[in-house]
Amino acid sequence: MMKTFGITILLTSLLIGTPAAAQSANVDKRVDRLEKEMRAVQRKVFKGGATRYFEPEIAAEKPTASPANTITTSAVTDLIARVDALEASLARLTGQVEENGYRLKKIEDRLAAAEAPAASAGPTTAVGSAQAAAAKASAAAEATPDPDRVAGVAAIVMPDTGDAVEDAYVYGFRLWDAKFYPEAQAQLKKVVAEHPDHERASFAQNLLGRAYLDDKKPALASVAFYENYQKRPRGGRAPDSLYFLSTALVQLGKKKDACRVLAEMQEVYPEVATGRLAARVTSGKAAADCK
């Protein structure tokens, strides 16, 4: 502890019984409090060096011979001045500690921010770059159509009979028959979307499902077939859609559902099931292992 604080014991004994005793007691309390606070702050600043302390900026004056009242008054004044100086020193020291802590926090934040980009620039970035390059290459490949395919589609002629709906459906059929399945799908969806209530809509929707089946897309095919049966149960190709729906379900590994669909087809369309589509019903049941 600071050497000059030893004088407080002497001053306390001199102040007992004097008019300034109350003031001295208050000052002693301030000294005790400040000593504790100074120790705490200095331990924080001088870690591992508990004996290093700041000396007060105002040193104690050597007492001179004088009457008792003069000594008492002078000692109290001196002590108060030194306590004020000690408080000022403590305030400055505390401020320095807080400022250093703030600066250290900013440095740590900057280091953490620098480490984050460094970490993200590792393998993940490389993989992301590779994926982006692959995606770009794939998009470029798709954007560059196969000249032979373009020529083949261009060779498919849309009929011009004066019946726009019929011509549009036949064109979709020709694309499907030539195995241009994506192009056929786009054309047949257009027919259904533009003419949902036309008698050819049932044919177009059913053929759309078949185009999906032939394109190895049984899930999309099953949706197309079911919608055709649900929305147009009396359409020209509603029974066919139920049969092909069972085919799509078998490809999806849902044989029990396929059997239920075939059973419903026989119940709803008995004449077709035993007539035009009889052979397909039989082959469909065999494929689905129906009992």
Side-chain angles (χ1 to χ4, degrees), residues 152-291:
V153 172
I156 305 299
V157 179
M158 177 183 287
D160 186 11
T161 64
D163 186 337
V165 180
E166 183 67 18
D167 292 344
Y169 167 72
V170 171
Y171 180 56
F173 178 88
R174 289 178 178 177
L175 288 169
W176 167 77
D177 190 50
K179 296 182 174 52
F180 293 123
Y181 301 127
E183 292 81 0
Q185 293 159 17
Q187 176 63 22
L188 293 167
K189 283 192 287 187
K190 182 180 179 182
V191 173
V192 175
E194 294 180 354
H195 312 282
D197 299 323
H198 195 279
E199 63 177 354
R200 275 303 189 187
S202 178
F203 288 77
Q205 182 79 12
N206 182 70
L207 191 58
L208 172 62
R210 295 188 65 179
Y212 281 132
L213 268 184
D214 294 334
D215 202 19
K216 312 301 181 185
K217 299 175 181 178
L220 291 175
S222 64
V223 173
F225 292 132
Y226 179 72
E227 287 184 351
N228 197 38
Y229 168 63
Q230 185 184 45
K231 295 179 179 179
R232 306 171 188 87
R234 295 302 161 195
R237 287 293 182 264
D240 301 71
S241 288
L242 281 182
Y243 162 72
F244 285 113
L245 174 57
S246 72
T247 302
L249 290 171
V250 169
Q251 292 184 15
L252 292 170
K254 300 181 180 296
K255 290 186 175 182
K256 290 183 178 180
D257 292 332
C259 291
R260 283 193 283 268
V261 167
L262 290 172
E264 183 167 346
M265 175 189 172
Q266 290 178 300
E267 180 180 349
V268 177
Y269 308 107
E271 293 182 0
V272 178
T274 57
R276 179 170 64 87
L277 297 180
R280 286 188 166 178
V281 169
T282 300
S283 63
K285 286 183 175 182
D289 299 326
C290 300
K291 296 180 181 179

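Just so you know, these numbers come straight off a predicted model, no measurement behind them. Computation of the quantities below employed the complete heavy-atom set of this structure, encompassing side-chain atoms and omitting hydrogens, waters and symmetry-equivalent molecules.
- To the nearest 0.5 Å, atom CE of residue Met265 and atom NZ of residue Lys285 are 10.0 Å apart.
- Annotation for Ala287 and Val250: closest pair O-CG1, 3.9 Å, computed over non-hydrogen atoms.
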Would you sort out whether Gln185 and Lys217 count as a side-chain contact (heavy atoms from CB on, under 4.5 Å), showing the intermediate values?
CA-CA 12 Å; Gln185 293 159 17; Lys217 299 175 181 178; 4.2 Å; yes

Using side-chain contact (heavy atoms from CB on, under 4.5 Å), reason through Leu208 and Lys189 one step at a time and then give a plain yes or no.
CA-CA 7 Å; Leu208 172 62; Lys189 283 192 287 187; 3.4 Å; yes

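- Scanning all heavy atoms of the two residues, the minimum distance from Ala201 to Val192 falls at O-CG2, 3.9 Å.
- Without hydrogens or angle criteria, Ser202 side chain to Glu199 main chain gives no donor-acceptor distance under 3.5 Å.
- Distance check: Lys256 NZ to Leu249 CG gives 14.0 Å after rounding to the nearest 0.5 Å.
- Asp177 has no carboxylate O lying under 4.0 Å from a charged side-chain N of Arg174, or vice versa, which leaves the two without a salt bridge.
- By the 30° and 60° cut-offs, the orientation of the rings of His195 relative to His198 is perpendicular.
- Geometrically, Arg200 engages Phe203 in a cation-pi contact, judged by NZ or CZ lying under 6.0 Å from the ring centre and within 45° of the ring axis.
- Considering every non-hydrogen atom in both Ser241 and Asn206, the closest pair reads OG-OD1, 2.9 Å.
- Nearest heavy atom pair, residue Asp167 against residue Gly162, reads OD2-N, 3.5 Å.
- Considering OH of Tyr181 and CZ of Arg210, their distance stands at 9.5 Å, rounded to 0.5 Å.
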Kindly determine whether Leu242 and Leu262 satisfy side-chain contact (heavy atoms from CB on, under 4.5 Å), including the steps that lead there.
CA-CA 7 Å; Leu242 281 182; Leu262 290 172; over 6 Å; no

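- Proximity of Asn228 to Arg237: side-chain heavy atoms (C-beta onward) are separated by under 4.5 Å at one or more points.
- Residues Gly172 and Leu188 approach most closely at CA-CD2, 4.0 Å, considering heavy atoms.
- The structure places CD1 of Ile156 at 11.5 Å from CZ of Phe173, a figure rounded to the nearest 0.5 Å.
- Salt-bridge check for Asp197 with Arg232: failed, with every basic side-chain N at 4.0 Å or more from each acidic carboxylate O.
- The NZ atom of Lys190 sits 9.5 Å away from atom OH of Tyr171, with the distance rounded to the nearest 0.5 Å.
- With no hydrogens or angles considered, a side-chain donor-acceptor pair links Tyr229 and Glu264 at under 3.5 Å.
- If you take CZ on Phe225 and CG on Asp240, they are separated by 9.5 Å, rounding to the nearest 0.5 Å.
- Taking the side chain as every heavy atom from C-beta outward, Met158 and Gln187 approach each other to under 4.5 Å.
- Closest heavy-atom contact between Pro233 and Ala238: O-CB, 3.5 Å.
- Taking the side chain as every heavy atom from C-beta outward, Pro159 and Tyr169 never approach each other to under 4.5 Å.
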